[in-house]
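Values below: every heavy atom of this structure, side chains too, minus hydrogens, waters and symmetry copies. Please read all numbers here as calculations on a predicted model, not as lab measurements.
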Amino acid sequence: GQSISSLTINNNSVVNSSAFNANPLSSLTIGTGVTLKGFCIANMPAGTSLTVTIPTGTIFTSSSQFSSSKNITSVVMGAIVIIPENMFGNCDNIASLTLNNATTTYSSTCFNSALASNITQITFGGSAKTFGNNAFKNNSLTAVTVPSGSTNTSNAFDSGVTITIV
């Protein structure tokens, strides 16, 4: 198919699996109420810098929506309750990460091998309760702060990460 660099997904659209797979996007706008299926915008090559903003109300029907996209350098999460499995896994270059306090679940491998080396600490919002296996493993994290009552933190982060419970 034809390569595209700019993509606007209109409100209430459905983006099917592999719809924009491996495109070198440098601009992405996601409308409200959009449904993102697995691998829909995955495997983007390095070379351009892309900020991904996930608006509140985005619907996920499976996993790996942006996995292995080497051009994603910034992620801003809206009030997404559950971040799907492997959503940003193996992205490698996310140098700016803005999480939302509404997120309760960080599914398995959602940010595994995703963060750039400058992100060494994360403080999770008070709603964060469930961390899937390997959710944030294979990154340069040295310390995280999680709310009291969070589960599975020992399997979500690398063994050397200091976990502070507040």
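Asn93 places none of its side-chain heavy atoms less than 4.5 Å from the side chain of Asn71. No side-chain heavy atom of Ile59 sits under 4.5 Å from any side-chain heavy atom of Leu36. Proximity of Lys37 to Val15: side-chain heavy atoms (C-beta onward) are nowhere separated by under 4.5 Å. By the 4.5 Å heavy-atom criterion applied to side chains, Thr109 and Asn133 are not counted as neighbours.
For the salt bridge (Lys or Arg N to Asp or Glu O under 4.0 Å) condition, no pair includes a residue of residues 114-127, sequence neighbours left out. Judged as a salt bridge (Lys or Arg N to Asp or Glu O under 4.0 Å), the pairs with a partner in residues 89-98 (not counting sequence neighbours) are, in order, Lys70-Asp92. For residues 147-160, the set of pairs meeting the salt bridge (Lys or Arg N to Asp or Glu O under 4.0 Å) definition, not counting sequence neighbours, is empty.
In this structure, the separation between CG on Asn152 and OG on Ser108 is 7.5 Å, given to the nearest 0.5 Å.
Taking the ring centroids of Tyr106 and Phe111, they lie at or beyond the 6.0 Å cut-off.
By the criterion of side-chain heavy atoms lying less than 4.5 angstrom apart, applied directly or through intervening Ile, Leu, Val, Met, Phe, Trp or Tyr residues, Val52 is not grouped with Ile82; the two fall into different hydrophobic clusters.
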If you apply the rule side chain to side chain donor-acceptor pair (under 3.5 Å), what do you find for Ser49 with Thr73, and how did you get there? CA-CA 6 Å; Ser49 179; Thr73 56; 2.7 Å; yes
Before giving the answer on side chain to side chain donor-acceptor pair (under 3.5 Å), spell out for Asn112 and Asn134 the whole-Å C-alpha distance, their side-chain angles and the decisive distance to 0.1 Å. CA-CA 6 Å; Asn112 184 49; Asn134 306 315; over 6 Å; no
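By the salt bridge (charged side-chain N to carboxylate O under 4.0 Å, His left out) test, Lys137 is found to be paired with no residue, residues two or more places apart in sequence or in another chain being considered. For Val81, the side chain to side chain contact (heavy atoms under 4.5 Å, CB included) partners two or more places apart in sequence, or in a different chain, are Thr104. Partners of Thr53 by side chain to side chain contact (heavy atoms under 4.5 Å, CB included), not counting sequence neighbours, listed by chain and number: Thr51, Val76.
Taking the six-membered ring where tryptophan is involved, the planes of Phe157 and Phe131 are tilted, since the angle between them lies from 30° to 60°.
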